[in-house]
Number of protein chains: 2
Amino acid sequence: MKRQTAQRRAIEQVFEQHDRLLSIPEIRAYGSQIVPSLNQATVYRNIKQLVAAGRIRQVNHPDLGTRYERTQKSHHHHFHCNGCNRVMVLPGCALKDDHIVPDGFVLESHDIFLSGLCDQCAGH
Amino acid sequence: MKRQTAQRRAIEQVFEQHDRLLSIPEIRAYGSQIVPSLNQATVYRNIKQLVAAGRIRQVNHPDLGTRYERTQKSHHHHFHCNGCNRVMVLPGCALKDDHIVPDGFVLESHDIFLSGLCDQCAGH
DNA sequence: TATTTATTGCAAATGCATTATCATTTGCAT
DNA sequence: ATGCAAATGATAATGCATTTGCAATAAATA
């Protein structure tokens, strides 16, 4: 990551414009609107570097596979809309506070994946 | 699934003996203790049939990939121990009851994946 | 502006989980 | 006990996401 390139700027811009979990094809599609030549291999290469640099984070969604999002966000969970198939961010924590692991267990982290319909898809 | 075979019985037995999320290699390893010849392709074939028959369910763990568990269990979540690397079942629900999705959203399902240390790995 | 070399685009290659092929074995009805 | 089709074991093949090789392009630096 020693040089500024239009492709890399485009990819970062995609994450600014779409504040939700994105797949490689989505990143490539949105990025192509900025830099039409944008190649899939270039997306992979830059995503890898951005993850290594700590600017974006990989999320393995149980239903959708590998996705990416910007790191600079506070604790949140992901909501997958079965209507529009997008994954949006729900700020805050949905985990019960009390006593969810058995005695003796140490809880270090958790991931919560919600799904259903977003307001647009649910409302008629 | 028209015939009873030693292999299929062995695989079902594995799930009875190990009441947690199992990977294909784990199923194969435990099953081999019952039927030594047990082949990996046979495991895949039988797992597929057992899933189709509704006897076991596939779970895509965000950190560990594809795993399987018996269906006949009430609502629960999964705890991945970073010590012994097993995934155990925590009965009950750890989701906050109130107002976790924005207005207008419809919540249909959720998956919660916890991780940390189990009692055996945490206790000294 | 010329030079250097990181980065790109393209296509082929890789790794991996899963599936298909096929000869052999085995459950089960007769 | 026999015959037939389902199931197995061994291995090759597939699909897919991701990676790599390489020539061409384009940032940065002098």
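Every chain is numbered from 1, with letters handed out A, B, ... down the list of sequences. Just so we're clear, the structure is a prediction, and the values are computed from it rather than from any experiment.
Of the side-chain N and O atoms in Thr5(B), none sit less than 4.0 angstrom from OP1 or OP2 of dG27(C). A close approach under 4.0 Å does not occur between any side-chain nitrogen or oxygen of Asn39(B) and OP1 or OP2 of dT8(D). A close approach under 4.0 Å does occur between a side-chain nitrogen or oxygen of Lys48(B) and OP1 or OP2 of dT19(C).
Computed from coordinates, the Gln40(A) CD to dC10(C) P distance equals 12 Å when rounded to whole Å. Rounded to whole Å, the distance from CD1 on Ile27(A) to P on dA17(D) is 14 Å. In this structure, Tyr44(B) places its OH atom 8 Å from P of dT19(C), rounding to the nearest Å. Atom NZ of Lys2(B) and atom C1' of dT8(D) are 17 Å apart (whole Å). Met1(A) has its CE atom 15 Å from the P atom of dA6(C), to the nearest Å. We find that CZ of Arg3(A) is positioned 7 Å from P of dT7(C), with the value rounded to whole Å. Rounded to whole Å, the distance from CZ on Arg8(B) to P on dG27(C) is 12 Å. Rounded to whole Å, atom P of dC16(C) lies 16 Å from atom CG of Asn60(A).
Annotation: His18(A) is in aromatic contact with Tyr30(A) [ring centroid separation under 6.0 Å]. When ring centroids are compared, His110(A) and His78(B) stay outside the 6.0 Å threshold.
Under 3.5 Å, the side chain of Arg9(B) and the base of dG27(C) form no donor-acceptor pair of N or O atoms.
Comparing dT8(C), dT18(D), dA10(D) by their closest approach to the side chain of Arg45(B) singles out dA10(D).
Comparing Gln4(B) and Ala41(B) by the nucleotide of DNA chain C whose heavy atom lies nearest to each, the residue mapping closer to the 5' end is Ala41(B).
Salt bridge status for Arg20(B) with Glu69(B): absent, with no side-chain N to carboxylate O gap under 4.0 Å.
Heavy atoms from other residues, nucleotides or ligands lying under 6.0 Å from NE2 of His99(B) number 12 at most. In Arg55(B), the CZ atom is not crowded: 12 or fewer heavy atoms of neighbouring residues, nucleotides or ligands sit closer than 6.0 Å.
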